[in-house]
Each structure stands twice: as C-alpha cells, then as structure tokens.
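Scroll down for the structure; my scribbles are underneath it.
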Amino acid sequence: MRRARIVLLAGAAIAVLASAYAASLVVSRGPVAGSGGLVSSTGTAAIGGPFSMIDDRGERVTEADLTGKPSVIFFGFTYCPDVCPTTLFELTALMERLGSSADDVNFVMVSVDPERDTPEILHEYVKAFDQRFRGFTGTQEEVDRITEAYKVQVERVETEQSYTMNHTASVYLMDSDNRFFGTISYHEDQNAALAKLERLAGA
Amino acid sequence: MRILHAASLAAALLTAGSALAHDYRAGSVEIDHPWSRATPPNANVGGGYLTLRNDGEEPDRLIGGSSPAAERVEIHTMEMEGDVMRMRQLPDGVEIPAGGTAELAPGGMHLMLIGLAAPLVEGERVPLTLEFEKAGSVEVELAIDAIGAGGAADAHSGH
Ligand SMILES: [Cu+2]
C-alpha cells in the first residue's frame, strides 16, 4: 500500500516535470512575439497558445490571425441542441449592446466535433447568428491541440445510434496579444457579461 | 391561479382545437405546452420541451417518440458540472410519478430531434408522437419559439 503510494507520487512528479518541460518547449517554439503571456511562474496553468485550424471559409487560420484584436472564443458543436445555440444567441445580443466596438473584437466558435462540423456546416451555422462570427474546425489533432491549449474539457459520449459531446461551456476572452483575459460562464448574468466584454474591447 | 386555469380551460373548450389549447392528454398524463426553439440552418438537431402531469394512481413513463421532422427522437438529459456541459441519453425514458410532474426544459431533460429534415422555423408547428409505457402513444405538436427562447437573453419570458 505504502509502496504503491510512493510509486504513484513518483509517477505524478515525473508527469508534472514532463508537462512543465513540454510547456517550455511549446513556449520556446511559439511563433508569436506576444506569447510571453504563456509563461506562468506561479503554477497556474496558462490558457491559450498556438493553434492551426481551418476557418469556415476553408482557409488555414492560426493564433496570429486573431492578434491585434481581442477575441471572444467559444467551444461547441453544431449537434448541440441547447447550450451552443443559446450561447451564440446570447453573444449576438451582447454584440448588439456593445455597438460598434463589437467590430473590433474577434468572435469565434471552435468546433469540438470536427467529424461532423465541416467548414461549410460551421459557416452557415455561425453566420445565422451574426455575420461577424467565425467558425474554426480542423483535423482531430488540430482540435485536440487548441482544446488542450485552452484547457477545454471535451468528452465524446456514445448514444444508442450516434454520439454527443460534453464540453466546457464557458466563453473565453483573450486580449489583443492572445493573452488570457477572463471567461464568461454559461449562467453569467448578461449585464455582467456585457461589462466584461466592454472591458475586453477597451483592453 | 385556479380561477385562471378554469377560465382558460373553458376558453379551450369553447374554441376546441384552436391554438389556444396547447395541451394534450394520453390516459392519465396531461402534456402541457410542447415547444421547441427555431434552429440555425444546417443544425442537425433540435430540442423538445414539455411538462408532463400524471393525475393517475400509477406512475407512467415517457419512453420515446417520433416525428416526421426528424430521423429519430431520443430522450436526453443535460447538466452543467462546473463549467462543463454534459449530456447523455436516458435509455429508460422519464418517469412521471403518480400525482406528480416531470418537466423537460432547457438546461435539463429534453427530447432530442436528431436528423432534422429541415430547420425548425419560429411560429411553425411540428407534429410529434409521444410514446408512454402505460398511456400508449399520443400525437402532439411542438410550437416552435424563437431561437434563444427561454434563455438569459430571452426578451419575452413566460410560456
Ligand atoms: Cu440532447
């Protein structure tokens, strides 16, 4: 028992060291000048990082495309009956309330279900809410990379005839240097959410 | 409240079959206001929400459904666990206790219309057959509400 615990502890220590090493590799390889925000000395995990995906027009997109404007990023999937359309709908209402400063913010939905969410499907889906929404999808590896970078939980759940996806429902706010700025939670009061977006737009 | 209910019942009886009466009955189960939300184009799924009241002596169970608007209808539940939205199928359906209520509503249990033939359009009505263990099957109509109906940004509340 005791021995097992020591082995576990040693394993955990190795895992921590390995992930710290992996993180340092990602940071040192990060192509963005502003990615210094990734380095975390306090032990809290940094949110965000490099990615490469396909946008809803079928074009390659990376974190560099978001740099220069703050970003509002939501992870979801089009086979989602409730949380995803509700979130997009609420963001659309917030964009309206933000007025013209919403034009200076990237609004992105990242698919956690690339098997079903092609760029074409995502395109029609997000544009139905607001023309300013962009949809990102890609290969499973590309999706895994961005969800790991943003610490988004994703789980595939089998149903009798198909599957569905569990996922983090928070909206991520990133500043114009792609540094983590905050989140809007699913049940956040809409006035509080607007205040956050206003601060983000001014950041 | 009771008077209001009686009044609306009377109105429903007077204008039998009109849009006013949006509740149905199967055996001892009353099905109250089945509704859904409009879906964005290309969405393959839609939700289905309703309240089930059982005024009988025996529990009953909603075990499934079907609709010409979708390839299949499943019963799911959704919950927020921290920041994570989790959804799963309820293969045994939803129990409606004797004298009790079961509510299928956004943020919780719901019908999943999977493989939509066409987007659900606000203002339209979608036929739906509900399957109960004891009460058998009953045809209802889902009233399609706005895309964000029932959410925090929903301007018109109250169904
Ligand atoms: Cu569902």
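Numbered from 1 within each chain, the chains take letters A, B, ... in sequence-line order.
Residue with the most contacts toward chain A among B:Pro41, B:Gly47, B:Ala43: B:Pro41 (heavy-atom pairs, distance under 4.5 Å). Most heavy-atom pairs under 4.5 Å with chain B, from the set A:Pro81, A:Ser185, A:Ala169, A:Ser170: that is A:Pro81. Between chain B and the options A:Thr183, A:Val157, A:Thr78, A:Ile121, the largest number of non-hydrogen pairs under 4.5 Å is found for A:Ile121. Interface remark: of the candidates B:His110, B:Gln89, B:Glu74, B:Gln89 forms the most heavy-atom pairs closer than 4.5 Å to chain A.
With a threshold of 4.5 angstrom between heavy atoms, B:Met80 approaches chain A through side-chain atoms but not through N, CA, C or O. Both the backbone and the side chain of A:Tyr125 come within contact range of chain B, with heavy atoms under 4.5 Å apart. Only the side chain of A:Phe129 comes within less than 4.5 Å of a heavy atom of chain B; its backbone N, CA, C and O stay farther away. Both the backbone and the side chain of A:Ser162 come within less than 4.5 Å of a heavy atom in chain B. The contact between A:His187 and chain B is made entirely by side chain atoms (from C-beta outward), counting heavy-atom distances below 4.5 Å. Interface remark: A:Thr164 contributes side-chain atoms only to the contact with chain B (heavy atom separation under 4.5 Å). Using a 4.5 Å cut-off between heavy atoms, A:Glu155 contacts chain B through its side chain alone, with no backbone atom that close. The parts of B:Met87 that come within reach of chain A are both its backbone and its side chain, each placing non-hydrogen atoms under 4.5 angstrom from that chain. Both the backbone and the side chain of A:Cys80 come within contact range of chain B, with heavy atoms under 4.5 Å apart.
Taking the six-membered ring where tryptophan is involved, the planes of A:Phe75 and A:Tyr172 are perpendicular, since the angle between them exceeds 60° and thus also 30°. Aromatic ring orientation, A:Phe74 versus A:His167: perpendicular (interplanar angle above 60°, classes split at 30° and 60°). Ring orientation note: the planes of B:His22 and B:Tyr24 are nearly perpendicular, at an angle over 60° on the 30°/60° scale.
Using a 4.0 Å cut-off between charged nitrogen and carboxylate oxygen, A:Glu188 and A:Lys196 count as a salt-bridge pair. Using a 4.0 Å cut-off between charged nitrogen and carboxylate oxygen, B:Glu81 and B:Arg86 count as a salt-bridge pair.
A:Asn191 and A:Arg97 are linked by a side-chain donor-acceptor pair at a separation below 3.5 angstrom, with hydrogens and angles left out of the test. One side chain, A:Ser52 or A:Arg60, offers a donor N or O that lies under 3.5 Å from an acceptor on the other. No donor-acceptor contact under 3.5 angstrom links the side chains of B:Asp55 and B:Ser28, judged on distance only. Remark: the A:Asp117 side chain and the A:Ser111 side chain contain an N/O donor-acceptor pair separated by less than 3.5 Å.
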